[in-house]
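Notes follow the structure.
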Amino acid sequence: MSTRVAQIRNSALGARVIVVCALVLVASSMLKFWHPGPILTYLGSMGYEGADVYLIAVIELATALLLLFPRTRALGLFMASAYLGGAVAAHVAIHRYTSNDPFVAFMAMHTHIGTLEPGVLLAALWFGSWLSQRPAQALSSTPAHAALRQAASQPSA
């Protein structure tokens with residue numbers, strides 16, 4: 001398999017990973033718009049009630065839409081990093097006030113969501129972004145490869 005074909009496959013796979021992550025954000029925002037009881041209870045335990053839940057849903061949906069379009073994907077990745085990083089921070093902060101258990105035990109036993117889900121989603125987004133950007137870092141564009149190619153093309157004395 002040629003290097004170019006591998007680059008195209010990596011780019012396509014990276015784009016698919018990003019789109020799947022964006023769809024997860026869309027689903028999460030739709031749940032917040034829908035307002036089911038368990039989600040409201042959990043968000044309320046962290047101090048997010050009423051219009052705050054709608055604001056969170058709008059931010060999630062806007063982030064997902066930015067991730068879905070290649071031209072706005074970089075801004076979407078920036079927003080997703082800020083949003084999901086904030087989600088992790090909120091979950092870590094709420095642990096201090098609700099439990100004396102070790103943090104890992106708290107997250108493993110929690111009835112809703114913990115830090116694992118937003119952390120994994122953020123890692124997947126960055127991995128997808130890295131995969132989709134790999135063509136720009138291809139072997140053929142490295143200075144060492146260009147020097148070797150130039151030396152090979154010059155006639156020997």
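Side chains are part of it too, since the values below use all heavy atoms of this structure and drop only hydrogens, waters and symmetry mates. Positions are given from 1 along the sequence.
Atom CZ of Arg73 sits about 7.5 Å away from atom CG of Leu68, to the nearest 0.5 Å. Separating the CG atom in Leu65 from the CG atom in Leu61 is a distance of 4.5 Å, to the nearest 0.5 Å. Taking CG of Leu67 as the reference point, atom CE of Met79 lies at 9.0 Å (rounded to 0.5 Å).
Put simply, the side chain of Ile18 does not reach to within 4.5 Å of the side chain of Leu131, judged on heavy atoms. Under the 4.5 Å side-chain criterion, counting only non-hydrogen atoms from C-beta, Asn10 is not in contact with Gln7. Proximity of Glu49 to Leu43: side-chain heavy atoms (C-beta onward) are nowhere separated by under 4.5 Å.
Proximity of a side-chain donor or acceptor of Ser129 to a complementary backbone N or O of Leu125 within less than 3.5 Å is not detected.
The stretch residues 56-90 participates, sequence neighbours left out, in no ring pair (Phe, Tyr, Trp, His ring centres under 6.0 Å) pair at all.
Looking at every heavy atom in both residues, Leu122 comes nearest to Gly85 through CD2-N, 4.5 Å. Residues Val58 and Phe33 share a closest heavy-atom pair of CG2-CZ, 3.8 Å. In terms of heavy atoms, Leu31 sits closest to Pro36 at O-CD, 3.0 Å. Nearest heavy-atom pair, Val26 versus Ala64, reported as atom, atom and distance to 0.1 Å: CG2-CB, 3.5 Å. Of all heavy-atom pairs spanning Gly76 and Leu66, the tightest one is CA-CB, 3.6 Å.
When the side chains of ILVMFWY residues are joined at heavy-atom separations under 4.5 Å, either directly or via intervening members, Trp34 and Leu25 end up in a single hydrophobic cluster. No path of Ile, Leu, Val, Met, Phe, Trp and Tyr side chains, each step under 4.5 Å between heavy atoms, connects Met30 with Val24, placing them in separate hydrophobic clusters. Taken together through direct or relayed side-chain contacts under 4.5 Å among Ile, Leu, Val, Met, Phe, Trp and Tyr, Leu77 and Ile59 form part of one hydrophobic cluster. Taking hydrophobic clusters as Ile, Leu, Val, Met, Phe, Trp and Tyr residues chained together by side-chain heavy-atom distances below 4.5 Å, Tyr48 shares a cluster with Ile39. Linking ILVMFWY residues whenever their side-chain heavy atoms come closer than 4.5 Å, directly or via other members, leaves Trp130 and Leu75 in distinct clusters.
Applying the side-chain hydrogen bond (donor to acceptor under 3.5 Å, both in side chains) criterion to Thr72, with sequence neighbours excluded, gives no partner residue. Scanning for side-chain hydrogen bond (donor to acceptor under 3.5 Å, both in side chains) contacts around Ser28 gives Lys32, Glu60, with sequence neighbours left out.
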